[in-house]
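Heads up, the thing below is written out as structure tokens.
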Amino acid sequence: GAVVSQHPSWVICKSGTSVKIECRSLDFQATTMFWYRQFPKQSLMLMATSNEGSKATYEQGVEKDKFLINHASLTLSTLTVTSAHPEDSSFYICSARGGGWGYGYTFGSGTRLTVV
Amino acid sequence: TQLLEQSPQFLSIQEGENLTVYCNSSSVFSSLQWYRQEPGEGPVLLVTVVTGGEVKKLKRLTFQFGDARKDSSLHITAAQPGDTGLYLCAGIYNQGGKLIFGQGTELSVKP
């Protein structure tokens, strides 16, 4: 089946630094990738949608200059949290969907970000 | 803005009891999915419902899609401690579109 690999699984960084999270589709080409954020005991909140080779579309209230998304290839999308602050600490999850209509949204295993 | 209302948000029951989780929206879904998520992991797909009125069963779990494709329910029969987890409904509002999640239901089944 479709597999999405997300790295790192957890990261601790200092305030003011930037952190990059990678999301890779291992056995299919992901024309569209989605990035979600999840706080403890809460649901997944969609941050942005990225299509290969084009700019990401951000949801309302998400700062695009703070959460930089790059989808340079059909198998890789990255989320960079710039100038991280403690309030950015959260669980970040990516999801990938292949080309052609289907119901398959494959999720990565998530990245636990802690900003100290 | 599409909103997906999921209820209840928390549920604590005894082993052997039945339960139902609801997912409602004012918008029509092209399809709806149910996921289960364990702490520290990504959500795992349980089922996708597409046709209004559709009913799907997965062992002790029964999923129903409303006739108007605006609501769905998940019913668990004879819950077991292993069913404990976060259950999420997610709606797809247009073909090939983004997946929007409900608030989630944190289920705890006590032995």
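In what follows, chains are A, B, ... by sequence order, proteins preceding strands, each numbered from 1. The shown structure was predicted, so the numbers you read here are calculated from the model rather than taken from an experiment.
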- Message: If I measure from the heavy atoms of chain A, does B/Gln9 come under 4.5 Å with its side chain, its backbone, both, or neither?
- Response: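 B/Gln9 has no heavy atom closer than 4.5 Å to chain A.
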- Task: Go through the atoms of B/Leu99 and report whether side chain, backbone, both or neither lie under 4.5 Å from a heavy atom of chain A.
- Result: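 For B/Leu99, heavy atoms of backbone and side chain both lie under 4.5 Å from chain A.
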- Query: Given that the side chain runs from C-beta out, which part of A/Leu44 has a heavy atom under 4.5 Å from chain B: side chain, backbone, both or neither?
  - Reply: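 Both backbone and side chain of A/Leu44 come within 4.5 Å of chain B.
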- Task: Counting only heavy atoms closer than 4.5 Å, note whether A/Gln38 contacts chain B via side chain, backbone, both or neither.
- Result: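 The answer is the side chain of A/Gln38.
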Report yes or no: do [X] and [Y] belong to one cluster of Ile/Leu/Val/Met/Phe/Trp/Tyr joined by side chain heavy-atom distances under 4.5 Å?
X	Y	answer
B/Leu58	B/Leu74	yes
A/Met33	B/Phe101	no
B/Leu45	A/Leu46	yes
B/Tyr22	B/Tyr87	no
A/Met45	B/Leu88	no

- Just checking heavy atoms, which of residues 63-82 of chain A are less than 4.5 Å from chain B?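 No residue falls under the 4.5 Å cut-off.
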- Query: If you look at every heavy atom in B/Gln37 and A/Phe91, which pair is closest and at what distance?
  - Reply: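 Minimum heavy-atom contact is NE2-CE2, 4.0 Å.
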- Query: In a check of ring-ring contact (aromatic ring centres under 6.0 Å, His included) between B/Tyr35 and each of A/Tyr105, A/Phe107, A/Tyr36, which one passes?
  - Reply: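 So the option named by the test is A/Phe107.
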- Message: Just so I understand: if I count every heavy-atom pair under 4.5 Å between each of B/Pro43, B/Gly42, B/Gly104, B/Gly102 and chain A, which residue has the most?
- Response: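 If we count pairs closer than 4.5 Å to chain A, B/Pro43 comes out on top.
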- Tell me, yes or no, whether the heavy-atom count around A/Tyr58 atom OH, taken from other residues, nucleotides or ligands under 6.0 Å, exceeds 12.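 Correct, the count exceeds 12.
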